Each structure stands twice: as C-alpha cells, then as structure tokens.
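Only a predicted model underlies this, so the values are computations on that prediction, with no experimental measurement involved. Positions are given from 1, in the same order as the sequence printed here.
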Amino acid sequence: MENNITAAQPEYIVEVDNVTVRYNKATEKIDNLKEYFVKLVKGQLMFQEFLGLQDVTLKIKKGEAWAIIGTNGSGKSTLLKVISKILKPYKGTVNVNGTVASLIELGAGIDQRLTARENIYMNGCLLGYSKKFIEERFDEIVEFSELEDFLDSPVKNFSSGMKSRLGFSVATMVKPDVLIVDEVLSVGDVLFRKKCMNKMNEMLNGGTTLLFVSHNMKTVRSMCDKAIWLNRGKVVMQGDIDEVCTQYESTIEERKAKEKAEKAKKEKELKKAAEQIASAKKNK
C-alpha cells in the first residue's frame with residue numbers, strides 16, 4: 001500500500017518563548033571616540049544593565065493579526081526586532097516558520113544617498129529577490145508608491161511620508177508569510193495610509209500573518225483580532241483585541257487623571273505659597 005505521508009505544518013508561525021533582551025546603558029557621558037577607546041582598553045567603561053524585554057512569551061498562528069500595544073519605551077519595537085532577527089535575545093528562543101517582511105523604522109534599509117530607483121533594486125536584493133523578479137514587478141511597486149516623478153531623486157531629499165511609501169511598496173511587492181509594521185504608516189497623507197490598510201487587509205485575507213504597532217487604538221481594533229500589551233518590557237495582558245485594548249485604554253485614562261490631579265494639587269500649593277510670600281512682604 002502506498003504510504004502518503006505529508007509533513008505536519010507547525011501549529012505556530014511565530015513562537016517567542018521566555019525572551020529577555022538586555023541592553024547596556026552608559027552611566028557616563030563620553031564626548032569623543034578617542035576617550036571611548038581609551039576607557040574601553042583600560043576596562044573603565046561603566047554600564048548599567050537595562051532589560052528591554054523580560055520573559056516575554058508569544059505564540060502566533062498563521063493568518064492571525066496581532067497588535068502590540070503599550071506606551072513609549074514599553075518594548076514594542078524591541079519585540080519586533082527580535083522576531084525579525086535584528087536583535088538576538090539575551091535569554092529565551094524565537095522561531096519563525098516562514099518569510100518575514102519588516103517595516104520597523106522609517107528609513108531602515110534605505111540608503112539615503114541612492115535614488116528611489118536604486119533603492120528598490122537594492123532592497124529587493126536584500127529581501128532575496130532576483131534582479132529579473134524585481135524588474136517584473138518594478139512598475140507595480142512604483143505605481144503603488146506614487147513616486148513616479150521622483151524615481152531618480154536621492155532619497156535624502158524625500159519627506160518622511162515619501163520614505164514610508166517607498167519602504168511599504170518594496171516590502172509588500174510579494175506576499176510574505178509574516179508582515180511586521182511599526183508606526184511607519186503614521187506619517188504621510190491620509191489617502192496613502194488608507195491604501196496601505198487596504199493592502200494589509202488583502203494580504204491578511206490571503207493568509208499573511210500581521211504584527212502591527214500603532215498608538216491609534218481605532219486603527220488597531222480595525223486591523224487586528226488579537227493583542228499583546230507590554231509595559232517596561234513585561235507582558236501585562238494578551239488575548240482578544242477588544243478586551244486588551246479596553247483594559248489598556250482604561251489604565252491610560254486612569255493614569256492621565258491621576259497626573260492631572262497631581263498637577264492641579266502642585267499648582268494649588270505653589271499658588272498658596274506665592275500668596276503667603278506676597279502677604280508676608282505686604283505686612284513688613
């Protein structure tokens with residue numbers, strides 16, 4: 001009897017298991033390269049350990065859309081860089097079962113000295129595409145980016161919105177297994193952002209997995225079905241998008257209200273102190 005055995009598909013396309021990322025933060029200011037190397041050779045460089053992520057575990061199935069939320073400095077971009085293999089974990093493991101296209105930092109992977117045309121070819125090659133493959137899709141990339149009139153202009157002269165257009169158009173020229181987008185769509189015009197959202201929805205419908213970072217909760221809720229909330233490198237909550245976002249928004253509102261109350265109290269105390277000083281001067 002013929003034995004028809006197919007390889008089992010992995011349950012998760014992205015597996016982050018107890019990942020910790022450690023940075024060394026300088027504790028003193030060094031003004032020049034010479035001083036840095038002298039201290040380095042003498043072993044006099046002083047660093048303070050800073051954990052960008054602490055024991056983070058995240059398991060994502062194929063075709064899911066995950067939002068990564070949290071305030072600035074919470075570890076969102078660090079997590080995406082670990083998944084993209086830009087950063088190596090200090091502890092824990094990361095496994096991605098498929099191709100990844102990342103839009104993590106505005107201008108990342110773009111050579112400012114080259115033209116838009118040259119950057120399309122260079123980025124395509126870095127993503128593993130052949131010159132012939134890029135040529136076949138070149139017109140499609142340019143049309144989507146809407147940069148036809150600037151193809152032979154150096155990217156250093158581009159606005160942040162134009163760089164975002166170029167990066168997104170190249171990254172999505174084919175359907176990756178995992179698409180990572182981190183805030184780069186917050187720049188540029190509204191119409192192009194809508195165009196990018198439609199493109200991401202199209203890719204999701206085709207089976208692409210999305211990891212999305214944005215401070216816009218309305219956009220996050222419309223794009224994603226699950227979320228992970230980070231605070232100071234630690235997981236606060238993860239699961240259903242509405243449950244996580246509702247809890248996150250509630251916490252942020254409570255924090256804002258507390259800060260507002262503390263500010264009002266301090267202003268009241270300063271006003272009272274000023275009145276006492278004025279009264280004392282008047283009574284002299």
[atom1]/[X] to [atom2]/[Y] distance, rounded to the nearest 0.5 angstrom?
X	Y	atom1	atom2	answer
L53	K234	CG	NZ	12.0 Å
I69	R221	CD1	CZ	8.5 Å
T251	N231	OG1	CG	9.0 Å
T209	M203	OG1	CE	10.0 Å
C224	I68	SG	CD1	9.0 Å
M217	Y248	CE	OH	5.5 Å

Are [Y] and [X] linked, directly or through intermediate hydrophobic residues, by side-chain heavy-atom contacts shorter than 4.5 Å (ILVMFWY only)?
X	Y	answer
L204	Y12	no
F50	Y90	no
L151	I134	yes
V96	V21	yes
L51	I86	no

| said: Between L166 and K163, is the side chain to side chain contact (heavy atoms under 4.5 Å, CB included) condition met? List the steps. | reply: CA-CA 5 Å; L166 181 62; K163 291 174 185 175; 5.7 Å; no
[X], [atom1]: over 12 other non-hydrogen atoms inside 6.0 angstrom:
X	atom1	value
K85	NZ	yes
K59	NZ	yes
E143	CD	no

Under 3.5 Å donor-acceptor, [X] side chain and [Y] backbone:
X	Y	result
K62	V178	no
E243	M237	no
S74	R232	no
T208	P176	yes

Can you see which heavy atom on [X] is nearest to which on [Y], and at what distance?
X	Y	answer
I228	L58	CD1-CD1, 4.2 Å
R113	D111	N-OD1, 2.9 Å
V220	C245	CG1-SG, 3.9 Å
A227	W66	O-CZ3, 3.5 Å
V213	K76	CG1-CE, 3.7 Å
P89	V19	CB-CG1, 3.9 Å

With heavy-atom distances below 4.5 Å as the criterion, would you say the side chains of [X] and [Y] are in contact?
X	Y	value
K132	E136	yes
N95	T93	no
I120	V142	yes
M162	V155	no
F150	N157	no
S222	K218	no
K226	I241	no
R255	T71	yes

| Taking it one step at a time, do F144 and K195 satisfy side chain to side chain contact (heavy atoms under 4.5 Å, CB included)? | CA-CA 9 Å; F144 188 90; K195 188 176 180 180; 3.7 Å; yes
| message | side chain to side chain contact (heavy atoms under 4.5 Å, CB included), that's the test. Do I13 and E64 meet it? Break it down for me. | response | CA-CA 9 Å; I13 192 167; E64 289 183 336; over 6 Å; no
| task | Before giving the answer on side chain to side chain contact (heavy atoms under 4.5 Å, CB included), spell out for L87 and T78 the whole-Å C-alpha distance, their side-chain angles and the decisive distance to 0.1 Å. | result | CA-CA 8 Å; L87 289 177; T78 300; 4.0 Å; yes
| query | Does R137 count as lying over the ring of F133, i.e. NZ or CZ under 6.0 Å from the six-ring centre, within 45 degrees of the axis? | reply | yes
| With under 30° as parallel and over 60° as perpendicular, where do the rings of F192 and F168 fit, or are they tilted in between? | perpendicular
| message | Would you say T99 and D177 are linked by a side-chain donor-acceptor pair, where the criterion is simply a distance under 3.5 Å? | response |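 There is such a pair between these side chains.
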